[in-house]
Amino acid sequence: LNPFSLSLWVTLLTFVQYIAAQDNYYEKVFTTDHGLPHNHVLSIAQDKTGFLWIGTWDGLSRYDGYEFHNYFHDPEDTTSIPLFNICSIEVDKYNNIWIFSLSNVIAHYVKSTDNFKRLDCRSDSVLSKTGIESIAVGPDSCLWIAGPGGLARNTGNVNNFDEVKVIDQKGNPIKLS
């Protein structure tokens, strides 16, 4: 198993144990018949306002408990999601919704305009060094980005990332790739 698969299995087992310990729960299954863009779900996250964000093989859905609002990739629209398949969704402590596509592009949801802003790694001094291969919200509730060139962290300003040096016990830098 690769580290991502192992992490996914641990998360699923923890979730199953949590659900099994609940007395009152119910299961509701959603498909494309109910409004999902695709039946293959890649990622799910819940924001602080209660919306479920569901990344599928063919788009992103926001579920409010009653209906789905879908977002699709439009190659002509730079404010659409970066690619059809959304493999990771993260919500930081500021309730920013971050999405990561299989094309290694990251974007965040802009609530005021109900669309997305993609981050340009080439023009960002930190992300151009680290690259992007995965995203996660850490124990500090900040968004972390890992790439072949290192780690970056976003502490609230969606346009500002700090490079995080990874060092060994002697203070020597560790290359992640």
Side-chain angles (χ1 to χ4, degrees), residues 4 7-8 11 30 32 35-166 176-177:
F4 176 75
S7 171
L8 181 61
T11 302
F30 294 109
T32 53
L36 275 177
H38 198 278
N39 288 331
H40 187 138
V41 173
L42 299 169
S43 183
I44 300 175
Q46 186 172 20
D47 67 19
K48 291 174 179 37
T49 56
F51 289 120
L52 280 181
W53 294 84
I54 305 166
T56 74
W57 193 253
D58 192 28
L60 177 70
S61 286
R62 183 183 68 207
Y63 182 65
D64 64 5
Y66 301 99
E67 61 187 3
F68 292 95
H69 179 79
N70 295 322
Y71 302 89
F72 297 97
H73 173 67
D74 178 354
E76 308 277 321
D77 182 3
T78 59
T79 65
S80 70
I81 61 174
L83 195 65
F84 295 103
N85 41 29
I86 304 301
C87 61
S88 183
I89 306 167
E90 297 289 342
V91 181
D92 68 17
K93 66 182 173 184
Y94 303 101
N95 207 31
N96 293 314
I97 312 303
W98 297 90
I99 61 172
F100 181 62
S101 71
L102 290 178
S103 63
N104 287 0
V105 176
I106 187 172
H108 69 89
Y109 177 65
V110 180
K111 294 174 185 81
S112 61
T113 54
D114 192 35
N115 59 23
F116 292 84
K117 181 176 183 213
R118 300 174 198 176
L119 298 181
D120 184 3
C121 291
R122 295 170 301 224
S123 64
D124 184 281
S125 62
V126 173
L127 296 181
S128 64
K129 288 196 306 195
T130 63
I132 302 175
E133 288 187 351
S134 65
I135 66 173
V137 170
D140 59 357
S141 297
C142 293
L143 181 75
W144 287 77
I145 296 177
L151 294 173
R153 183 174 73 139
N154 179 279
T155 57
N157 179 345
V158 294
N159 297 312
N160 187 24
F161 287 85
D162 299 321
E163 185 176 5
V164 177
K165 301 283 185 193
V166 181
L176 298 179
S177 59

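Because the structure is a prediction, the values reported are computed rather than measured.
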Run the salt bridge (Lys or Arg N to Asp or Glu O under 4.0 Å) test against K111 and tell me which residues pass, sequence neighbours left out.
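Testing K111 for salt bridge (Lys or Arg N to Asp or Glu O under 4.0 Å), a comparison that skips the adjacent residues, returns none.
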
What is the distance from atom [atom1] of [X] to atom [atom2] of [Y], rounded to the nearest 0.5 Å?
| X | Y | atom1 | atom2 | result |
| --- | --- | --- | --- | --- |
| F100 | E90 | CZ | CD | 11.0 Å |
| L127 | I145 | CG | CD1 | 5.0 Å |
| F51 | Q46 | CZ | CD | 10.5 Å |
| I132 | N104 | CD1 | CG | 7.5 Å |
| T155 | D92 | OG1 | CG | 9.5 Å |
| L151 | E163 | CG | CD | 9.0 Å |

Can you give me the closest heavy-atom contact between [X] and [Y], atom names plus distance?
| X | Y | answer |
| --- | --- | --- |
| F116 | A107 | CB-CB, 4.3 Å |
| V126 | F161 | CG2-O, 3.2 Å |
| N96 | G156 | ND2-O, 3.8 Å |
| W57 | L102 | CZ3-CD1, 3.6 Å |
| R153 | V164 | CB-CG2, 4.0 Å |
| P37 | F72 | CB-CE2, 3.5 Å |

Can you tell me if D77 and T79 form a side-chain donor-acceptor pair at under 3.5 Å?
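Side-chain D/A pair, D77 to T79: present.
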
Would you check if there is a donor-acceptor pair between the side chains of Y71 and N115 at a distance under 3.5 Å?
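The criterion, which ignores hydrogens and geometry beyond distance, is not satisfied for Y71 and N115.
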
With side chain to side chain contact (heavy atoms under 4.5 Å, CB included) as the test, would you mind laying out the steps for Y63 and L36 before giving the verdict?
CA-CA 9 Å; Y63 182 65; L36 275 177; over 6 Å; no

Has [X] got a side-chain atom pairing as donor or acceptor with [Y]'s backbone, closer than 3.5 angstrom?
| X | Y | result |
| --- | --- | --- |
| N95 | D47 | no |
| S80 | D74 | yes |
| H73 | I81 | yes |

Would Y109 and R62 count as a side chain to side chain contact (heavy atoms under 4.5 Å, CB included) here? Give the steps.
CA-CA 11 Å; Y109 177 65; R62 183 183 68 207; 2.9 Å; yes

Side-chain heavy atoms of N154 within contact of C142, under 4.5 Å
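N154 vs C142: side chains apart.
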
4.5 Å side-chain heavy-atom contact, W53 and I86
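No; the side chains remain at least 4.5 Å from each other.
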
Verdict with supporting geometry, L143 and I135, side chain to side chain contact (heavy atoms under 4.5 Å, CB included)
CA-CA 7 Å; L143 181 75; I135 66 173; 4.1 Å; yes

Determine the sole option in I97, I89, L42, N85 for which the side chain to side chain contact (heavy atoms under 4.5 Å, CB included) test with L60 is passed.
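Of all the options given, the one that passes is I89.
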
Tell me whether the count of non-hydrogen atoms from other residues, nucleotides or ligands lying under 6.0 Å of NZ in K165 goes above 12.
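It does not: K165 NZ has 12 such atoms or fewer within range.
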
